[in-house]
Amino acid sequence: MTHEFFMKELFGCFLADGDQANAFRFNEVEAKTSLGSLIVFDFEGVTNMTESFSNALFGNLAEDHPFDLIDRVRFKNCSPLIRGFLVSAVSHGIERGKRLARSE
Amino acid sequence: MLLPMGSHTIKLPQYVFESNLGELLARLGECRSHSEVCFDFQQVAYYIPAAIVSVVAMVNELHVQDVRCSFVNHKDCEAFRYLQRIDLFSEMGLDLPEDFFRRSGSRDFVPVEKINSATKPELASSLGECIDPAGGPAKQVIEFSAGECILNCRQHSRAIGYVSAQYAAKSDFARIGVADCGRGIRGSFRDNRSKFYREGMTDAEAIALAIRPNVSSTADLPHMYGKSPNAGVGLSMLRDLVRQTLGHMVVVSGSGWWKQDGVRSPKSDGLPGNGFFPGTVCSVCFTRKQIGDYDAMLKEARRKVKGLPEEESDANLFL
């Protein structure tokens, strides 16, 4: 099953609030991935983001699923700028997640 | 004009820029030990946004502490109209008649706004639009920076904050100022029992720590959503964006200050005269013409701050 989140509808053109992103990750995204859904984040109309937002949502998500993120999420309609935020958050989240896994 | 009797009078300086912001804040901090304070605006000619919001934050803090505040010579000072338009007086509870029309749409400043739990990201966007109404890279840089500063204030201060922004065409400086009279950066490390906190840590050390990459006072806290939202890179990214535009950044908290001028190494010390400002102030200043490709600036900042190479190994994640 696939579930699509339209980020502009949810958070506006500028994704800024890290607290809101963190709550959304926990309440909406993780709840759906735990049921086996593939999550698609659609960034149509999103023009900017903060590092706080991208780390709280995508960095933390990647940290929790460093080995199987590809089975759980996809990103759609990303401008090069938004793609930069996502690549950075995800790659560093995966790095943190793998480090944590090695230390356990 | 006669000054009210029995008051501690603070003669506000003529100009406040990044270089003497600490002096103003040290003097504002002295107000807390008095039961009545008179703010004398006689000399005031120009203040950067961080100075304006610091005065607003301090006066409102004094109101909360039942310290009686009065204001003199404000209507006669050189900056009166500007300070009125930027809402300094109204945000301090001083309602003055206005003999001008407030323009909507693009301006070269954004009046003082409160930062509290209800503050929305649109505020950061409006700050960006003020600096760059065309919606170019300068708008995005300011939007990003204001977003990070506002969130920091909301997450860490435990107090109401104030923000304002301004573009000074003559110097080509785009500035954001955020101030609060909350617990301060050291207080945030202490109260959150951060692993970075140690007894005897100075405010200047706490500021320097907060600006270091991957340091957040809340990163290790048990969190209701499983993980802290903070990775501790926001301020570090901001610092590097400022460096890239040859701008200025000043952070003052408690008895300490930290400052970066362009590409020079940052400096940090105690406030002048062993001063103390009861809260945190952040002043961010970009040289607008130095703002080029926003995406390239972010990549450069991430390379410096996060260190690790950004591999495109996740290409399959993108549809």
Side-chain angles (χ1 to χ4, degrees), chain A residues 4 11-27 29-30 40-43 47-64 69-96, chain B residues 117 119-125 128 135 137 139-152 154-155 214 216 218 223-238 293-296 298-299 301-303 305-319:
Chain A
E4 205 157 343
F11 302 103
C13 298
F14 175 42
L15 311 186
D17 191 331
D19 288 328
Q20 214 181 1
N22 206 33
F24 174 70
R25 175 189 55 80
F26 187 81
N27 293 326
V29 181
E30 290 285 15
V40 177
F41 296 97
D42 189 327
F43 290 90
T47 56
N48 202 358
M49 200 186 295
T50 59
E51 288 289 318
S52 297
F53 189 100
S54 62
N55 279 313
L57 176 44
F58 308 110
N60 279 343
L61 195 61
E63 185 181 322
D64 281 344
L69 191 70
I70 191 73
D71 299 330
R72 296 169 186 267
V73 303
R74 294 287 188 283
F75 303 120
K76 187 175 164 185
N77 291 321
C78 306
S79 66
L81 177 76
I82 296 303
R83 190 177 172 122
F85 277 104
L86 298 174
V87 167
S88 173
V90 165
S91 60
H92 292 93
I94 287 175
E95 184 68 30
R96 287 198 306 269
Chain B
S117 57
T119 300
K120 303 278 183 218
E122 286 79 8
L123 174 56
S125 301
K139 183 227 169 187
Q140 290 181 300
V141 169
I142 296 291
E143 188 177 56
F144 173 92
S145 308
E148 296 289 1
C149 288
I150 289 168
L151 191 63
N152 267 336
R154 224 182 61 188
Q155 286 179 328
N214 305 313
S216 169
T218 62
H223 201 279
M224 66 188 291
Y225 299 128
K227 285 181 182 304
S228 164
N230 301 320
V233 295
L235 271 180
S236 319
M237 290 283 293
L238 204 50
D293 182 337
Y294 173 52
D295 193 17
L298 282 173
K299 285 194 168 85
R302 287 192 196 109
R303 192 180 59 77
V305 169
K306 294 187 170 182
L308 295 168
E310 286 175 11
E311 295 166 12
E312 274 281 5
S313 57
D314 309 296
N316 292 332
L317 289 168
F318 294 88
L319 297 174

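By convention in this document, chain letters (A, B, ...) are assigned in the order of the sequence lines, proteins followed by strands, and residues within each chain are numbered from 1.
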Contact leader toward chain B among A:Asp64, A:Val40, A:Leu57, where contacts are heavy-atom pairs under 4.5 Å: A:Asp64

Pick from A:Ile94, A:Thr50, A:Asn27 with the largest number of heavy-atom pairs that fall under 4.5 Å of chain B: A:Thr50

Main-chain N/O of A:Ser52 paired to B:Glu148 side chain as donor or acceptor, under 3.5 Å: yes

Working for side-chain contact (heavy atoms from CB on, under 4.5 Å), residues B:Lys120 and A:Phe14: CA-CA 10 Å; B:Lys120 303 278 183 218; A:Phe14 175 42; over 6 Å; no

Test log, rule side-chain contact (heavy atoms from CB on, under 4.5 Å), inputs B:Leu151 and A:Asp19: CA-CA 9 Å; B:Leu151 191 63; A:Asp19 288 328; 4.1 Å; yes

Under the side chain to side chain contact (heavy atoms under 4.5 Å, CB included) test, residues paired with A:Thr47 that sit two or more places apart: A:Cys13

Considering all heavy atoms, the nearest B:Phe144-A:Glu51 contact: CE1-N, 3.5 Å

When B:Met237, B:Arg154, B:Glu122 are compared by non-hydrogen pairs under 4.5 Å with chain A, the top option: B:Arg154

Contact summary for B:Gln140 and A:Asn48, nearest pair of heavy atoms: O-ND2, 3.0 Å

Proximal component of A:Ala23, with respect to chain B [non-hydrogen, under 4.5 Å]: both

Under 4.5 Å from a heavy atom of chain B, the part of A:Leu15 involved: neither

Verdict with reasoning, A:His92 to B:Val233, per side-chain contact (heavy atoms from CB on, under 4.5 Å): CA-CA 12 Å; A:His92 292 93; B:Val233 295; over 6 Å; no

Which atoms of A:Phe41 approach chain B - backbone, side chain, both or neither, heavy atom under 4.5 Å: neither

Non-hydrogen atoms of B:Arg302 and A:Ser88 that approach each other most closely: CD-OG, 3.0 Å

B:Leu317 portion near chain A, given a 4.5 angstrom heavy-atom threshold: both

All side chain to side chain contact (heavy atoms under 4.5 Å, CB included) counterparts of B:Asp295, not counting sequence neighbours: A:Pro80, A:Leu81, B:Asp293, B:Lys299

